[in-house]
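Values below: every heavy atom of this structure, side chains too, minus hydrogens, waters and symmetry copies.
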Amino acid sequence: MALQFHNTLSGRVEEFQPLEDLKVRMYTCGPTVYDFAHIGNFRTFVFQDILRRHLKYRGYQVNQVMNLTDVDDRTIANSQAAGVPLRDYTAKFIEAFQADRDLLGLDPPERLVRATDHIEPMVRLIETLVQKGFAYESDGSYYFRVKNFSDYGKLSKIDFSGIKDGARVDTDKYDKADARDFVLWKAAKEGEPCWETALGSGRPGWHIECSVMAMTYLGETIDIHSGGSDLVFPHHENEIAQSEAATGKPFARFWLHAEHLIVNGGKMSKSLGNFYTLRDLIALGYPPTAIRYLLASVPYRKPLNFSLEGLQQARQAIERLRNFHYRLTTQKFPAGQNSDLQAKARAGAEAFGQALDDNLNTAEALGAIFNLVRDGNTAMDAGEFRDGDRAAFLDALERWDMIFAVLDDRDYDKLKKYGLVKEEPSVVRLEADLREAGGGNGAGRVTLGEQEIERLVSERNHARQNRNFARADQIRDELLDAGVILEDTRNETRWKRK
RNA sequence: GGCGCGGUACCCAAGUGGUAAGGGAGAGGUCUGCAAAACCUUUAUGCGACGGUUCGAUUCCGUCCCGCGCCUCCA
């Protein structure tokens, strides 16, 4: 099956081909950095990450530009409330965004660009629109004249016939000639940040930044433009109007929109107060990979029901994959080959690739990999798995993880890097604390270092060999209280963090 | 009202004109000093409702019900 995506512009699933051989020019709408992003925002960013990873997996060269909206009403309001200059205020949340991206395993885009670094080209684009009769000035602000752009509405399919032409309305606190017109440039207001430009003193409207940054770095026609479904109108509709009015060329060929995260039956949003940030969930003890898995597990065009129970389910699912990966890399198998098994592994890899080709059907891709896990485990348990089969399964699993990126448990390291886990205590203190607390009653769960854990595991196994089960069980309980689960197998004791 | 997404087992969630992937949870089993973990097996005559087309529909058509999103703050 050919690679295909649902294109909002046509309303259909279409075969994807870049404009220029294997080069994909992709623009993705990033966050407005007025606060921490919540995981509803990250649903879209995870989708975009899956998209770019799959494109690369299929051999395309991806050139992705992601914007950071670092000036708008909310950003200004919040920075003023905090008494911090706009640039410093947004820098803090850009940093937080980068950390969250890293925690979620999102590959960095080729360019991450800030709106306020592109004021000059925005001004030039607005000037072009004025010259071509698509924009006008009013009280120092500039507006896009929608009635002059006949394609307006082609993305969102919104019918504007009911809106009266020429009605003078005051939305957004600025005057414009037509209710549909939208602001390109806002005249400076007392006490707000502004830029001195050829258009006068002011700041850019929201939509113009994306048109400018996309065209600056990717050219007048790009292959893919994506964002959340709430951006279809007005944001993306307006981007099309601005860009195509200026250039006379198609702005973006494929428009991909992610559906929202739903929580308790409604969209997760800041204004409803029903949101979690990544840090909130980490503080509740959920690992970033589980969050990534959950966000990636539902195909992007479907609303995703978010719940803590769902996160727990995601965590368990990842465990199953990691356990299989662990078996594959560590267990001893008889020499030889089992060609039937290897065929299954290859078929599994083929199946998940095809699932992703089909408009990024991540749910089906998951099904494919879990089938492979079961086939592998069953063969291992039955003694039919051979050493020569290892590579085929490992290859399939690792290829799969090039997209999903949840196999490698780097959570703990990353959390430490960003100071999101407690310091490791010494084992001596731990044991003392545990005894004092009567075996640890959950108050202030402590975190053990690997060496301490290994030492306790080894001590326990000595005790077991000497049939000192009381001591062995005591150590097991202590480790469990410290969040370490032991797994006794025939040959060894494996441990992992809860 | 317009546009869009959805209604599949206890929960999450794929999918197909030919009789329902996968994950979680539950149950049973294997293993084990015990336990846990791990692994295996198992769980929808049923896919919002009612009609229609068809040899056959959850899948196509029609009508209807319900949930959600967008309609100039919003990933």
Quantified in whole Å, what is the [atom1] atom distance between nucleotide [N] and nucleotide [M]?
N	M	atom1	result
B/G22	B/A13	C1'	8 Å
B/G28	B/G56	C1'	37 Å
B/G15	B/A21	C1'	7 Å
B/C61	B/G17	P	12 Å
B/U58	B/G67	P	25 Å
B/C47	B/U42	P	23 Å
B/G7	B/C60	P	12 Å
B/U19	B/C12	P	27 Å

Has [X] got a side-chain N or O lying under 4.0 Å from the OP1 or OP2 atom of [N]?
X	N	result
A/T32	B/A75	yes
A/K267	B/C68	no
A/N361	B/A14	no
A/R374	B/G22	yes
A/R320	B/C40	yes
A/R301	B/C5	yes
A/Q316	B/A25	yes
A/N305	B/A13	yes

When you get a sec, tell me which of [options] is the closest nucleotide to the side chain of [X]?
X	options	answer
A/A179	B/A36, B/A13, B/U72	B/U72
A/A363	B/A38, B/A21, B/C68	B/A21
A/F45	B/A75, B/C40, B/G23	B/A75
A/H260	B/A36, B/G69, B/C40	B/G69
A/T378	B/A36, B/A14, B/C40	B/C40
A/V298	B/A14, B/C71, B/C34	B/A14
A/E364	B/G15, B/G22, B/A35	B/G15

message = Under a 3.5 Å cutoff, is there a donor and acceptor pairing between the side chains of A/D230 and A/H257?
response = no

query = Hey, are A/E398 and A/H325 close enough side-chain-wise for a donor-acceptor pair under 3.5 Å?
reply = yes

Donor-acceptor pair present, [X] side chain and [N] base, under 3.5 Å:
X	N	value
A/D473	B/G33	yes
A/Q313	B/C12	no
A/N377	B/A38	no
A/R476	B/C34	yes

Measure from [atom1] on [X] to [atom2] on [N] and round the result to the nearest Å.
X	N	atom1	atom2	value
A/R464	B/U32	CZ	P	11 Å
A/I262	B/G69	CD1	C1'	7 Å
A/N238	B/C73	CG	P	11 Å
A/K157	B/G69	NZ	P	21 Å
A/L272	B/A75	CG	C1'	14 Å
A/R467	B/A35	CZ	P	14 Å
A/L479	B/A35	CG	P	20 Å
A/N461	B/U32	CG	C1'	13 Å

Looking across every strand, which nucleic acid part, if any, lies under 4.0 Å from [X] by heavy atom: base, sugar-phosphate, or nothing?
X	answer
A/N371	sugar-phosphate
A/L231	sugar-phosphate
A/L261	base
A/G11	nothing
A/D488	base
A/K302	sugar-phosphate
A/G227	sugar-phosphate
A/A317	sugar-phosphate
A/M268	base

Mate of [N] where both pairing distances stay under 3.5 Å, Watson-Crick or G-U:
N	value
B/A38	B/U30
B/U45	none
B/G4	B/C68
B/U58	none
B/C73	none
B/A9	none
B/A21	none
B/U53	none

inquiry  = For B/G33, is there a stacking contact with A/F469, counting only centres under 5.5 Å and planes under 30°?
reply    = yes

ask   = Parallel under 30°, tilted from 30 to 60°, perpendicular over 60°: which one fits the rings of A/F47 and A/Y300?
value = parallel

ask   = Once the angle between the rings of A/F233 and A/Y152 is folded into 0 to 90°, is it parallel (under 30°), tilted (30 to 60°) or perpendicular (over 60°)?
value = perpendicular

key: Row check, A/F333 ring normal vs A/R390 NZ/CZ: under 6.0 Å, within 45°   = no

query = Does the gap between the ring centers of A/F97 and A/F45 come in under 6.0 Å?
reply = yes

ask   = Are A/Y136 and A/Y142 an aromatic pair by the rule of ring centers under 6.0 Å?
value = no

ask   = What residue among A/R53, A/R52, A/Q64 forms side chain to side chain donor-acceptor pair (under 3.5 Å) with A/D107?
value = A/R53

message = Main chain of A/R386, side chain of A/N338: is a donor-acceptor contact present, judged purely on distance under 3.5 Å?
response = no

Heavy-atom donor-acceptor pair, A/T32 side chain to A/Y34 backbone, under 3.5 Å = no

inquiry  = With nearest nucleotide decided by heavy atoms, which residue, A/H235 or A/D375, maps closer to the 5′ end of RNA chain B?
reply    = A/D375

